[in-house]
*Asks:* 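I am attaching a structure below and will ask some questions about it afterwards.
The figures that follow rest on heavy atoms only: side chains count, while hydrogens, waters and symmetry mates do not. So that the names make sense, note that chain A is the first sequence line, chain B the second, and so on, each numbered from 1.
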Number of protein chains: 2
Amino acid sequence: MLSFTEENYLKTIYHLSDSGAKAVLTNEIAEAIQTKPASVTDMVKKLAIKNLIAYEKYYGVKITRQGKTEALTIIRKHRLWETFLVEKLGFNWGEVHDVAEQLEHIQSPLLIEKLDEFLGFPSADPHGHPIPDKNGKFKVARQIPLAEAIGKKAIVRAVKNSSPSFLDYLSKIGVYIGASLHVLAKMDFDASLEIQIDGKKKVYISKEASENILVTE
Amino acid sequence: MLSFTEENYLKTIYHLSDSGAKAVLTNEIAEAIQTKPASVTDMVKKLAIKNLIAYEKYYGVKITRQGKTEALTIIRKHRLWETFLVEKLGFNWGEVHDVAEQLEHIQSPLLIEKLDEFLGFPSADPHGHPIPDKNGKFKVARQIPLAEAIGKKAIVRAVKNSSPSFLDYLSKIGVYIGASLHVLAKMDFDASLEIQIDGKKKVYISKEASENILVTE
DNA sequence: TAAAAAGTTTAGATTACCCTAAAAAAATAA
DNA sequence: TTATTTTTTTAGGGTAATCTAAACTTTTTA
Ligand SMILES: [Mn+2]
Ligand SMILES: [Mn+2]
Ligand SMILES: [Mn+2]
Ligand SMILES: [Mn+2]
């Protein structure tokens, strides 16, 4: 069984590696986990001994199949709990991440299966992120940043950034998962976009914001 | 903020002290927490420095007002989570304790307030144990062990022992919180009882069992 | 009430995780 | 290609929580 800390490292490595695709560097992990590179080197050796990652000195770290399975279990739990907090307890989508960071470490396969069932086997969390099933399988949707949908109509599917400040901003201007956005114009000056939400309200959003809204056409 | 371990010590001390009434000895704590007396001495000093307990060498430990407040917060969380697991997720009453031991350490006052509301502000958990409100207040019911209700009719209000084996046994013979029990006879031989459940099924239960079922007349 | 037993504390280690500072390797620039 | 900068690792320590063994205190027994 993995410790709380080991689970956090593994999950972070999984995310940084683009779902296991690429190697992850010591400093990236240190930055993401808010710790020092020396601490990362220590932990990375430990995870390598447990066969969760492959570690090559000075080169970086690659997640193994076994490590990926563990990481996906944690991510599944995180996203199921976020869904619970929003759907059942009435949390806002910007309030759930920190609590889910704690809840994801609760050890009880039965609990997770029952929670999944209670929620109706959701396929995505409140931020549009896919929830792996109990075997770690999930659908990868073809989504593009809103910034690449100039002149088009698109449906909001997910957010790339889940920070409370960004989510609060989206709520404030009326953008939500499932909203229909029409990208009316892109400003030459700063690449900001003029969009129309659900055929009604028109607003301007920054380039930064437009890159963190994921849509399908 | 208290660590996971500190919270467990404090909660255990509260329970062993009869809600703060009496002093608790080092070996009792060690036994309850499944650790060595030497470890208890260390931790007890730490909790005393934080003013959660009063510690007197070789004499034992008494919980302070501040310690009681902290302990009741943890107990509140434990019992709310147990209620959630049974009422919403369909767990059996014997399956919830170990999971609640983990969930009780999640730090989020907002989560607990919302969970409480979601559950309809329950006053007791699945084992009939009172759930303190957000100020640590709860009703202490006058309950007696079934063993002391010879010849009488009584309603099951709580269990004294929450072990899965005892709870499974109760479920199997048809005893549950709220059941009406008529104590028909007490056997001289071994103090076992003949009881009738809800005016129907008659069963014999051991002295041990009869002491762990709490009822009101 | 003195000796034995039981209970408790102290001393000294161990493990997990994290840190700073110095050394080593790799990447980049001159 | 050598020198400089950046990245990573190693060395050496610190804290929280645990343990064993030895010392000390209290309680019980004889
Ligand atoms: Mn999240
Ligand atoms: Mn999410
Ligand atoms: Mn319990
Ligand atoms: Mn309970």
*Asks:* Can you tell me how far P of D:dA16 sits from CG of B:L2, to the nearest Å?
*Replies:*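 So the two atoms are 13 Å apart, to the nearest Å.
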*Asks:* For B:N8 and D:dA16, what is the distance between atoms CG and P respectively, to the nearest whole Å?
*Replies:* 18 Å
*Asks:* Looking at residues at least two apart in the chain, or sitting in another chain, which of them share a side-chain hydrogen bond (donor to acceptor under 3.5 Å, both in side chains) with B:E7?
*Replies:*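 So B:E7 forms a side-chain hydrogen bond (donor to acceptor under 3.5 Å, both in side chains) with B:H105, B:Q107.
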*Asks:* Both conditions, 6.0 Å and 45 degrees, for the charged tip of B:K114 above the ring of A:F91: are they met here?
*Replies:* yes
*Asks:* How many whole angstroms separate atom CD1 of B:I49 from atom C1' of D:dA16?
*Replies:* 13 Å
*Asks:* Quick one: salt bridge (Lys or Arg N to Asp or Glu O under 4.0 Å) partners of A:E6, sequence neighbours excluded?
*Replies:*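 For A:E6 the salt bridge (Lys or Arg N to Asp or Glu O under 4.0 Å) partners, ignoring immediate neighbours, are A:K46, A:K50.
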*Asks:* Starting at CD1 of B:I33 and ending at P of D:dC19, how long is that distance when rounded to a whole Å?
*Replies:*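 Distance, rounded to whole Å: 11 Å.
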*Asks:* Taking only N and O in the side chain of B:N27, is any of them less than 4.0 Å away from OP1 or OP2 of C:dA6?
*Replies:* no
*Asks:* Name the nucleic acid region contacted by B:F4, choosing base, sugar-phosphate or nothing; use a 4.0 angstrom heavy-atom cut-off, strictly under.
*Replies:*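 Nothing, no nucleic acid heavy atom in range.
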*Asks:* With sequence neighbours left out, write down each residue that passes ring-ring contact (aromatic ring centres under 6.0 Å, His included) with B:F84, or none if nothing qualifies.
*Replies:*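 If we apply the ring-ring contact (aromatic ring centres under 6.0 Å, His included) test to B:F84, skipping adjacent residues, the hits are A:F84, B:W81.
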*Asks:* Are any protein N/O atoms closer than 3.5 Å to N/O atoms in nucleotides 2-5 of chain D? If there are, list each pair with its distance.
*Replies:*
none

*Asks:* Figure out the CD/P separation between B:Q34 and D:dT18, and round it to whole Å.
*Replies:*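 My rounded result for the distance is 12 Å.
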*Asks:* Look only at the side chain of B:E148 and the backbone of B:P145, and say whether a donor-acceptor pair between them is shorter than 3.5 Å.
*Replies:* no
*Asks:* Examine C:dA26: is either OP1 or OP2 under 4.0 Å from a nitrogen or oxygen in the side chain of A:Y59? Give yes or no.
*Replies:*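 Result: no.
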*Asks:* Between C1' on C:dC18 and NZ on A:K45, what's the gap in Å once rounded to a whole number?
*Replies:* 14 Å
*Asks:* Using a strict 4.0 Å threshold on nitrogen-to-oxygen distance, state whether B:K160 and B:E211 make a salt bridge.
*Replies:* no
*Asks:* Does the side chain of B:T41 get closer than 4.0 angstrom to OP1 or OP2 of C:dT10 through an N or O atom?
*Replies:* no
*Asks:* Can you check whether A:I112's main-chain N or O pairs, donor with acceptor, with A:K77's side chain at less than 3.5 Å?
*Replies:*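 No; zero donor-acceptor contacts below 3.5 Å.
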*Asks:* Distance check: side-chain N/O of B:S39 vs OP1/OP2 of D:dT18, anything under 4.0 Å?
*Replies:* no
*Asks:* Got a sec, which residues hit side-chain contact (heavy atoms from CB on, under 4.5 Å) with A:Y58, two or more places apart in sequence or on another chain?
*Replies:* none
*Asks:* To the nearest Å, give me how far apart CG (B:D42) and C1' (D:dT20) are.
*Replies:*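 In whole Å, D:dT20 C1' and B:D42 CG are 13 Å from each other.
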*Asks:* Quick check: does any side chain N or O of B:R157 sit under 3.5 Å from a backbone N or O of B:L214, one acting as donor and the other as acceptor?
*Replies:*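 Flag not set: sc B:R157 to bb B:L214 has no pair under 3.5 Å.
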*Asks:* Would you tell me if any nitrogen or oxygen in the side chain of B:S3 comes within less than 4.0 Å of OP1 or OP2 on D:dA16?
*Replies:* no
*Asks:* Mind listing the N/O atom pairs, protein and nucleotides 21-27 of chain D, below 3.5 Å?
*Replies:*
residue : atom : partner : partner atom : Å
D:dT25  : O4'  : B:Y58   : OH           : 3.4

*Asks:* What do you reckon, is CD of B:E113 surrounded by more than 12 foreign heavy atoms closer than 6.0 Å?
*Replies:* yes
*Asks:* Using whole Å, report how far CG of A:L25 lies from C1' of D:dT8.
*Replies:*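 A:L25 atom CG is separated from D:dT8 atom C1' by 10 Å.
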*Asks:* Using the side-chain heavy atoms of A:T26, tell me which of these nucleotides is nearest: C:dC18, D:dT9, C:dT9.
*Replies:* D:dT9
*Asks:* Counting side-chain heavy atoms from CB outward, which of C:dC18, D:dT18, C:dT20 is closest to A:K36?
*Replies:* C:dT20
